[in-house]
Amino acid sequence: MLQVSYIRDNREQVLERLAVKNFKQPELVSEVIELDDKRRSTQTTLDNTSAEANAAAKQIGELMRTGKKEDAEALKVKTSVWKEDIKRLNEQLNAIEEELQQKLVLLPNLPHSSVPKGLTPEENEVVLENGAKPALPENALPHWELAAKYNLIDFELGVKITGAGFPVYKNKGAKLQRALINYFIDEAEKAGYSEVSVPLMVNEASGFGTGQLPDKEGQMYFVGEDKLYLIPTAEVPVTNIYRDVILKGEDLPVKNCGHTPCFRREAGSYGAHVRGLNRLHQFDKVEIVQIAHPDKSYEVLEQMSLHVQGLLQKLGLPYRVLRLCGGDMGFASALTYDMETWSAAQQRWLEVSSVSNFETFQSNRLKLRFRNAEGKTQLAHTLNGSALALPRIVATLLENNQTDKGIKIPDALVPYTRFEWID
RNA sequence: GGAGAGAUGGCAGAGUGGUCGAUUGCGGCGGUCUUGAAAACCGUUGACUGUUAAAGGUCCGGGGGUUCGAAUCCCUCUCUCUCCGCCA
């Protein structure tokens, strides 16, 4: 959520930045400012009336105590007018504030100055490409066929138990999941992140805090009876640890990592590109989250990007880094890097990580603040990234490392899998 | 699922109609003392809004009501805890 005071002071810049995100309702900006003007004037009137009423109430108490009952009664009569005014003004104020809030939550975050204009994924900027794309033999298989050939993943069984997009991992396929999770967590801890293990369901307040609610309800599974949402990413519970928290300046940056399954309805996404592990309703992911000082958050973003890249390098996977264009960015993000690995058998790039700086967009909703050098409270910046999401890593590992002898496990992972080959 | 208790400042915990944004303790910060630290002692210490700064206003789980005046009384919702039952 954007701060009203910022919108007021930087109206033109806000409009210009929203255009980069192809925001369709720029008129909301003026409406928000107008409502805030109304809010302020109503608030001032209410405050002044309350001040008079408070003074009178105090005076009545004084008169009662000193036995001047008649004077007190006279004053009581006068207060009835204020009382009505206060009630009416309060109702007005609540209505204005509610309307203001409703419009405010419709405004997406402002993109960073480095974000390219653009509407579609094709307009994302390739920041860098790293690692050689492997040349596979003629008879190379896509991962879903490899998964069947080596009995690693049973998609049909998942359909029986739950439905499409809920695969069953078996044998070395299952062990590979655990190995990757442990490997990613260990690497995150080496980089200074402390591990947390968090609930997989969250309440409405948490969903609002990180920006999934109110408008992205359709993407989350909802347990209606208890009004809880299955998390689409660990970002939600991990970041919400710090909801309504005022951190000390010296606590920054806060660094947390955690593994969770992630649940996504993925309503409306069907077709060839969802085959196999490419798009699932349930998958495992290790997430890294940082809460940073506003002056440092872009340094932190680069550092997080390098951490993710380091993982891909150690796994020997060719990858590229994209800076998302305005149209492809998430609602809450100010700058997002996507990391994609090259899937040699599918001959396409697969997104395996997304690293974002949300600046104060989330922290304003979360009321996540820190005490700055002047001792005043100030909104912190929040960042997060996948490090990494498993399914597409598994897909590229299987595809890119296939040989006549079987599938070669990267050296970095062998201590975790305790096998070198899937054969 | 049944029964009961509770929700107050970072934490603990007072406060049953006026001078209460709130006693006190712990914690935090500053100081005295000390070579330094601890202890002891002294002082200080909520958030939001508003203003150049003040003043003022709001907040004792949320919402509503009674009253000139509510942390305190009434209604309602939510959440938490304890015991019993069930269960990993």
Side-chain angles (χ1 to χ4, degrees), chain A residues 1-9 32-33 35-102 104 197-209 213-214 222-229 237 240-252 254 261 291 360 362-380:
Chain A
M1 196 161 65
L2 299 175
Q3 292 165 269
V4 182
S5 56
Y6 184 87
I7 298 174
R8 292 183 75 96
D9 298 345
V32 161
I33 294 174
L35 277 168
D36 192 52
D37 285 337
K38 257 166 95 181
R39 200 209 92 232
R40 283 172 184 237
S41 62
T42 310
Q43 181 81 62
T44 306
T45 316
L46 173 62
D47 285 359
N48 293 338
T49 314
S50 299
E52 288 185 279
N54 286 346
K58 220 169 235 180
Q59 213 180 329
I60 290 168
E62 190 63 35
L63 293 168
M64 298 287 264
R65 213 168 312 106
T66 50
K68 295 174 180 161
K69 253 196 150 175
E70 279 175 30
D71 293 349
E73 290 302 325
L75 204 48
K76 273 192 194 182
V77 176
K78 282 174 80 177
T79 58
S80 62
V81 181
W82 290 325
K83 213 184 144 186
E84 277 170 37
D85 284 350
I86 287 171
K87 194 178 173 186
R88 180 177 49 81
L89 287 165
N90 235 321
E91 280 165 6
Q92 271 177 30
L93 188 62
N94 286 341
I96 292 167
E97 280 179 345
E98 196 181 319
E99 197 183 342
L100 178 59
Q101 177 76 3
Q102 272 171 11
L104 209 48
S197 182
V198 290
L200 307 183
M201 292 198 222
V202 294
N203 57 27
E204 192 189 345
S206 293
F208 177 78
L213 297 176
F222 179 57
V223 183
E225 198 167 0
D226 296 295
K227 292 188 186 151
L228 296 173
Y229 297 84
N240 270 280
I241 292 173
Y242 303 95
R243 171 152 49 87
D244 292 320
V245 167
I246 300 175
L247 294 160
K248 292 180 194 159
E250 65 262 31
D251 290 340
L252 300 176
V254 171
I291 297 160
T360 59
Q362 291 183 327
S363 59
N364 190 31
R365 291 175 164 219
L366 293 159
K367 301 208 191 323
L368 162 50
R369 292 158 291 175
F370 71 101
R371 216 166 281 286
N372 63 22
E374 291 96 61
K376 296 211 167 137
T377 59
Q378 186 181 342
L379 293 173

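Naming: A, B, ... by sequence-line order, numbering from 1 per chain.
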Exercise: do A:S206 and A:N203 side chains pair donor with acceptor under 3.5 Å: yes

Nearest-neighbour nucleotide for the A:A57 side chain, B:G64, B:C68, B:A47 considered: B:C68

Nucleotide nearest A:R40 (side chain, heavy atoms from C-beta), chosen from B:G50, B:U67, B:G57: B:G50

Partner nucleotide, any strand, of B:A22 [Watson-Crick/G-U, under 3.5 Å]: none

Counter-base of B:G1, judged by Watson-Crick or G-U geometry with both distances under 3.5 Å: B:C84

Whole-angstrom distance between B:G28 and B:A39, as gauged at atom P: 9 Å

Sugar-phosphate, base or nothing in reach of A:A51, heavy atoms under 4.0 Å: sugar-phosphate

Watson-Crick or G-U counterpart of B:G6, or none if no pair lies under 3.5 Å: B:C79

Side chain of A:K83 (C-beta onward), nearest among B:G57, B:C48, B:C68: B:C68

Watson-Crick or G-U wobble mate for B:G50, both contacts under 3.5 Å: none

Partner nucleotide of B:C41 by Watson-Crick or wobble geometry (both distances under 3.5 Å): B:G31

Sugar-phosphate, base or nothing in reach of A:T377, heavy atoms under 4.0 Å: sugar-phosphate

For B:A14, the Watson-Crick or wobble partner whose two distances fall under 3.5 Å: none

Check: A:T377 and A:R371 side chains under 4.5 Å, non-hydrogen atoms: yes

Sugar-phosphate, base or nothing in reach of A:K87, heavy atoms under 4.0 Å: sugar-phosphate

Whole-Å distance separating the CG atom of A:D47 from the P atom of B:G57: 8 Å

Sugar-phosphate, base or nothing in reach of A:N54, heavy atoms under 4.0 Å: sugar-phosphate

Nearest-Å distance once atom C1' is located in both B:U49 and B:G43: 29 Å

Per A:I60 side chain, nearest of listed nucleotides B:C68, B:A47, B:G50: B:C68

Options B:A47, B:U58, B:U49, nucleotide nearest the side-chain atoms of A:I246: B:A47

